[in-house]
Engineer: 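I am attaching a structure below and will ask some questions about it afterwards.
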Amino acid sequence: MSLFVKKFGGTSLATLDHIKRVAEKIIKARDQGDDVVVVVSAMGHETDRLATLAKEIGANDSNLHREVDVLLSTGEQVTTALLTMTLIKMGCQAKSYTGGQVSITTNTVHTKARILDINVDKLQADIAKGTIAVVAGFQGVDENQNITTIGRGGSDTTAAALASVLGADECQIYTDVEGVFTTDPRVVEGARCLSRNTFEEMLELASLGSRVLHSRAVEIASKYKVPIRVLSTFSDAEGTLITNEDNETMEKPIISGIAFTRDEAKLTVLGVPDIPGVAAQILGPVSDANVEVDMIVQNVAADKSTDFTFTVRREDYDAAMKILNKVANDVGAREVSGDNKIAKLSLVGVGMRSHAGVASKMFQVLFDESINIQMISTSEIKISVVVAEKYIELAVRALHSAFDLDKD
Ligand code: ASP
Ligand code: MG
């Protein structure tokens, strides 16, 4: 007998018909003799709807964030009740829980709280009685019982955290796609659903724009060594199993996936004096403005000046440009330039550790397509490049086929 934490996303719970189908899945697992704890997201785009209402009132002000959490957390409360009622109607013992009722304790950083502790007593009592607990994802309470939410897409993280503290055999994330793909199937026709993947690779893919899993969920599952399975609510396929690398049965392809993001921009401060403290002087004000910096490249020229380039999300481009124009003066730089029509692409694979030549092959493939590489950064299991946005699909397709990702 196994214990599964099953999390269902918004598209899987969009209507009462969908909810019925989810209930059937849960009952089928239980009838096979397994124990199940369920985590739900809000229905469809409910959280977006609530967030828009909050925005209209001006809820960006941090003194409203406590109330924003009260509002946003209602979406998941609705689905816990609807699914639990459906399960009971279908002859199952089931019980709904808000985050606070479980209790999932978080810190007090409203709208971006972190889970500190989960009390498993009630859930374990339910498991022992054969009752299916249906827990609201994405929410908790702080030590003073204020309702908190843990960041958009956070019910994956709730599920991974519950699976970890319960010692579940698997954390199963049900979604509307078959699993984790080698790249976006809308861009590459031959994109394949991976049968397995490692936590490490998944962390890179999740933080690089593959939207299928919340990266904090992967971090937690990896830390507590709980396998995650990403699978479709709408089929019976096995999905993608994400585990530790040292699993013996795991084939290790060199590259397991290509992630890309289009909405990037880059900024360059030209002719910066090559003296200590300049990077901090440039990036300090940028980070003070809450603009997230991604890739950074700096190169020293013969005249002892440097060009300092970094990338930000496209929506932050104008704000970053304004800051740099001011900073450039302060640090004695020549000028500032920028480009907000770039995209980033990353090859990810644990096999890179033991195989040389991945980068040179990647660069050759891009050269063969006459695509100029504007920036490069690497980690042990990832190579990222920045290219002009208009070439991103061509680049992804060429690399997908050059690295044989379309073959089993
Ligand atoms: N409903 C929340 C959101 O849309 C949490 C989630 O779906 O994971 O962000
Ligand atoms: Mg989600």
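When a ligand or atom number is given, it counts from 1 through the structure's own listing order. Index from 1, following the sequence.
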Engineer: Counting from 1, what ligand 1 atoms have a heavy atom of G153 closer than 4.0 Å?
Structural biologist: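 So the atoms of ligand 1 that pass are 3 (C), 5 (C), 6 (C), 8 (O), 9 (O).
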Engineer: Considering both backbone and side-chain atoms of T47, is one of its nitrogen or oxygen atoms within less than 3.5 Å of a nitrogen or oxygen in ligand 1?
Structural biologist: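 Yes.
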Engineer: Can you name the salt bridge (charged side-chain N to carboxylate O under 4.0 Å, His left out) partners of E335, sequence neighbours left out?
Structural biologist: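 None.
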Engineer: Return the option from A51, S155, A136 holding the heavy atom at the smallest distance from atom 6 (C) of ligand 1.
Structural biologist: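 Heavy atom nearest to atom 6 (C) of ligand 1 belongs to S155.
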Engineer: When you compare the side chains of S256 and E201, does any donor N or O come within less than 3.5 Å of an acceptor on the partner?
Structural biologist: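 Yes - a donor-acceptor pair under 3.5 Å links their side chains.
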Engineer: Taking only non-hydrogen atoms of G10, do any sit less than 4.0 angstrom from ligand 1?
Structural biologist: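 Flag not set, G10 not near ligand 1.
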Engineer: So which pairs with a foot in residues 372-384 pass salt bridge (charged side-chain N to carboxylate O under 4.0 Å, His left out), sequence neighbours left out?
Structural biologist: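 Only E204-K382, R353-E380 qualify under salt bridge (charged side-chain N to carboxylate O under 4.0 Å, His left out).
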Engineer: Any atoms of ligand 1 less than 4.0 Å from a non-hydrogen atom of R152? List them with their elements.
Structural biologist: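 Per the distance check, 3 (C), 4 (O), 9 (O).
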Engineer: When rounded to the nearest 0.5 angstrom, what distance separates CG in D294 from NZ in K266?
Structural biologist: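 Output value for this atom pair is 13.5 Å.
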Engineer: Mark up the atoms of ligand 1 that fall under 4.0 Å of a heavy atom belonging to S41, in ascending order.
Structural biologist: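 Close to S41: 6 (C), 7 (O), 8 (O).
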Engineer: So, R313 and D263, do they make that salt bridge, N to O below 4.0 Å?
Structural biologist: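 No.
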Engineer: Quick one: pull up CD1 in I254 and NZ in K361 and give me the separation to the nearest 0.5 Å.
Structural biologist: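 It comes to 7.0 Å.
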Engineer: Contact between ligand 1 and E76 is defined here as a heavy atom of the residue under 4.0 Å from a ligand atom; is it met?
Structural biologist: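 It does, in that a heavy atom of E76 comes within the 4.0 Å cut-off of ligand 1.
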Engineer: For G75, is the nearest heavy atom under 4.0 Å from an atom of ligand 1?
Structural biologist: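 The answer is no, since G75 has no heavy atom less than 4.0 Å from ligand 1.
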